[in-house]
Amino acid sequence: MESAYEPGEVEEKWYKYWVENNLFKAKARSDNDPYCIVIPPPNVTGNLHMGHALNNTMQDILCRHKRMKGYNVLWQPGTDHAGIATQNVVEKALAAKGTDRHEVGREKFIEMVWEWRKKYGGVIINQLKRLGCSCDWSRERFTMDEGLSKAVREVFVRLYEEGFIYRGDYIINWCPRCHTALADLEVEHEEIEGFLYHIRYRFENRDGYLIVATTRPETLFGDTAVAVNPDDDRYTGLSGAKVLLPVINKAVPVIYDKYVDTKFGTGALKITPAHDPNDFEIGNIHKLERIKVIDENAIMNELAGPYRGMDRFECRKKLIEDLKETGLLEKMEPYLHAVGHCYRCKTMIEPILSKQWFIKAGPLAEKASQAVREGKTRIFPNNWEKVYFQWMDNIKDWCISRQIWWGHRIPAWYCKDCGAINVAREKPKTCSKCRGCNLEQETDVLDTWFSSALWPFSTLGWPDATDELKTFYPTSALVTGFDILFFWVARMMMMGMHFMGDIPFRDVYIHALVRDAEGKKMSKSKGNVIDPLEVIDRFGTDSFRFTLAALAAQGRDIKLSEERIIGYRHFVNKIWNAARFVLMNVGDEGTVEAEGYKRYYTLPDRWVLTRLGRVSEGVSAAIDEYRFNDAAGLCYQFVWHEFCDWYLEMAKQELYGKDEDLKRSSRVTVLEVLRAILKLLHPFIPFVTEEIWQKLPGTTSSIMIAEFPEASDFMKDEDAIKEMSLIMEVITGIRNIRGEMNISPSRRVNIVIDVADTKDENILKNNLSHIRTLAGVDEISIVSGAPKPDASVSSMFGQNQVHLLLKGLIDFQEEKKRLKKAIKKIEKDIGVSNKKLGNKGFLEKAPADIVEEVRIKVQNQSLKLDKLYHNLQFFETIID
RNA sequence: AGGCGGGUAGCUCAGUUGGGAGAGCAUCGGCCUUACAAGCCGAGGGUCGCAGGUUCAAGCCCUGUUCCGCCUACCA
């Protein structure tokens, strides 16, 4: 083995091995308990970013862990057709060739998108493989697959027949660049510095004018009323009055409506039902005409008079100039307000009147909400449940039609003869109303999220009754980012409850965002993006994955930096070297029992095995509760600071020793522990663990299918924990003194141990050689109650004392300083405790065991203090 | 406007039902001790955002306050 771990080839080799040996494959039927995660399908257009890396690392940890625990695991992979995003990509390619989709035609265009998908759609899948993801690739799905499309049509038809889907004219969010309607969720609000324009609307048949305040003067051509509050003293007696719209001088009525806020602006509100959602509502109440003045390209139409053909912003600018000239602009004040932008292309949204398809979401949300309230689905961390409820309880209807070409075309056919709408799973031959044959399919496609809402059951074969559905639905866990809690999780809950009659997943784990080292969101424009693939190339997948896991504290964003990754690469390398050491020392050893040798358990053996049991338990518990950082931290601490720092160092005694029986036994234990460590770590760092695993004697198959360590696999010896800590304490005590006294590590010292009782004495006597080796000690004598030796420096451990004989080696002044420091600390401690014990309230109200604990502590501390004072006095007399 | 999350060591963060504040990294000192200098041994470092309150006891519970971040919302 090399002295440093090199990830490159190793990763490729083992990934191939796992796939070739079908280790990722799930069984449609099995006696083993099922465990299933559906991947949040990445966009086909996507490239692996940090969010994906974190998200999928977590899923892989869960899946590998459960697989090793014996579950029949299905990690269902696939990609999303990402309507708008994908269409944009192909349109861009067309634009580069000087043409566009309209020139190409719908059919040909869709063909081109499929071709693009075939060519580039696999990119992100391959990137997931580099991350080590153990998805069952034989089951990969795509939202535009025939099967999933069938599910989409089935759902649409049923929702329509049940009255959940309707079509109608409403104000929707229109993206003039993407040329499509968007759902409310797909609009991002951004604070913009604009103006509040105060504009004079002259009265038609009398003098004077009303002043309206608006941020969007260009819509005034579509005004069909001006509303004021009936309680507003300024505007009494205007019933039946009309005002003239500026420039075009069209007369519109003044109406009274309580909706108008008297304190805002001038208290007079222009009403544009075709371009504002609130105005639309008011317009409905007052039966106002809806006049569109901005077209689908955000260009002013013929109703905008002289501004016809201008872009909406250009029109605003020109109009304001003109109003200034004609004296109709009262004033304009700077005004900060939230303006909607398209979440795909960031273009400013135009609220526009349009005929679209909607889902009545209320009743569906109710069931979805209930499922979480009843605890059928649990959301981790559970504060997200509140967010979920808040959304679900205030849900609005969902606009599902999109005016693009790439997507699931709505299965509705309009009869050109009678105008009837025919909604059907397949194209009907005749109109259901008039029997005519002149049918034309709806040109709109469905919102991409419509099909992803079905993902947990459509990927398992629904609407057919498959074994997969029976085995894996409801799925076990969903791992995702909070940014798509509403977009995706909420909608899967709604669809799952409605169509499967059951929750889509038992647990939802919501993870945080990966940010840069300063805590800033990574973005291309800021240039602070860390590319996961670059990280993998430079540091290896394992280091990267372990970093993500170690930093993934629930509810907190991850601040990722190269430094951290390097730190965990050191850890991977540490494991590598520990394994190297073990392999150098165990040879081809099998098991002792098989060869008829006796197994011995030294104190370090008993200790490390007991600790291993506890750690194994802790790791599984942490993974089950999605505390990835705790799980990683436990492994890190145990492997590095217990196994490497203490256990291996102590095991060298047997491994390097001459006693063949002890040596063989020790080899077995060392191997046993190493194997368990590799298994514990495998879900986090799959590649290096497999690489080492395959080098271990006796390995016959992949670590992927080895059994995950459990507490019951190892001895539970509480005495070993206590005994070992005594030994560790004395060694640390000696090292401490050496460090503070600046005694070179190569310089051996002699010590005297003053023991308090025979129990400790026996433990020490049995482990003298460890003290010698690990603390750099030569001669040891054990006494009881003897005076402190000359020229010695002392340290306490438990009730015992160790004296280092340092004649001619130490600086007395230094030692006095050290002692005084120790005394100060212990006196402070005793002070606090005594204050408690002197407090009547504490003695009376605190639990008895707590009080007793403090009493014992004071006793022990006082004893130590005495000894420290004694030692200090000793030095003072020597110096004097 | 409402809601949520967070302020703990220089940095990043743990801190499970209230019972003497921890880790990793960084810093400093000493070591090439035959797995590992991507290493080993040791050390320093905190008024737990601020102010009150409850309690025998508060990083933890309550109230107020301030700063940062995020989400939701139709105030033109």
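Atom OH in A/Y5 sits roughly 14 Å away from atom C1' in B/A38 (whole-Å rounding).
Within 4.0 Å (heavy atoms only), A/E562 reaches no atom of the nucleic acid at all. Nucleic acid contact for A/K559: sugar-phosphate only, since backbone atoms but no base atoms lie under 4.0 Å from a heavy atom of the residue. Note on A/K857: a base of the nucleic acid sits closer than 4.0 angstrom, heavy atoms only. A/D261 comes within contact range of at least one nucleobase, with a heavy-atom separation under 4.0 Å. A/H198 comes within contact range of no nucleotide atom at all, as no heavy-atom separation falls under 4.0 Å. Residue contacts for A/N383: at a heavy-atom cut-off of 4.0 Å it reaches the sugar-phosphate backbone alone, with no base atom in range. The residue A/K396 sits close only to the backbone: its heavy atoms come under 4.0 Å of sugar-phosphate atoms, none of a base.
Residue A/F486 places its side chain closer to B/U72 than to any other of B/A14, B/C74, B/U72. Picking from B/A14, B/G42, B/A76 the nucleotide with the shortest atom distance to the side chain of A/N736 gives B/G42. Side-chain atoms of A/L269 lie closest to B/A76 of the nucleotides B/C31, B/A35, B/A76. The listed nucleotides are B/C74, B/A35, B/G44; the one nearest the side chain of A/Y656 is B/A35. Across B/G44, B/C74, B/G3, the shortest atom-to-atom separation from the side chain of A/H189 is found for B/C74. Listed candidates were B/A35, B/A76, B/G19. Nearest to the side chain of A/T214 is B/A76. In the set B/C36, B/A73, B/A76, the nucleotide with an atom closest to the side chain of A/Y335 is B/A76.
Note: A/W384 and A/F482 have parallel aromatic rings, judged against thresholds of 30 and 60 degrees for the angle between ring planes.
By the 4.0 Å N-to-carboxylate-O rule, A/D184 lies close enough to A/K396 to be salt-bridged with it.
B/U47 and B/U8 have their P atoms separated by 12 Å, with the value rounded to a whole Å. Atom name C1', nucleotides B/A23 and B/A37: the rounded distance is 23 Å, in whole Å. B/C11 and B/U72 have their P atoms separated by 32 Å, given to the nearest Å. With P as the reference atom, B/G7 and B/A14 are 7 Å apart, rounded to whole Å.
If A/A553 and A/V582 are placed on RNA chain B by their nearest nucleotide, the residue sitting closer to the 5' end is A/A553.
The ring of A/Y626 has its center closer than 6.0 angstrom to the ring center of A/F380.
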Worked verdict on A/K840 versus A/E844 for salt bridge (Lys or Arg N to Asp or Glu O under 4.0 Å): CA-CA 6 Å; A/K840 234 184 192 173; A/E844 281 165 11; 5.2 Å; no
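Annotation for A/E193: atom CD does not count as buried by contact number, only 12 or fewer foreign heavy atoms lying within 6.0 Å.
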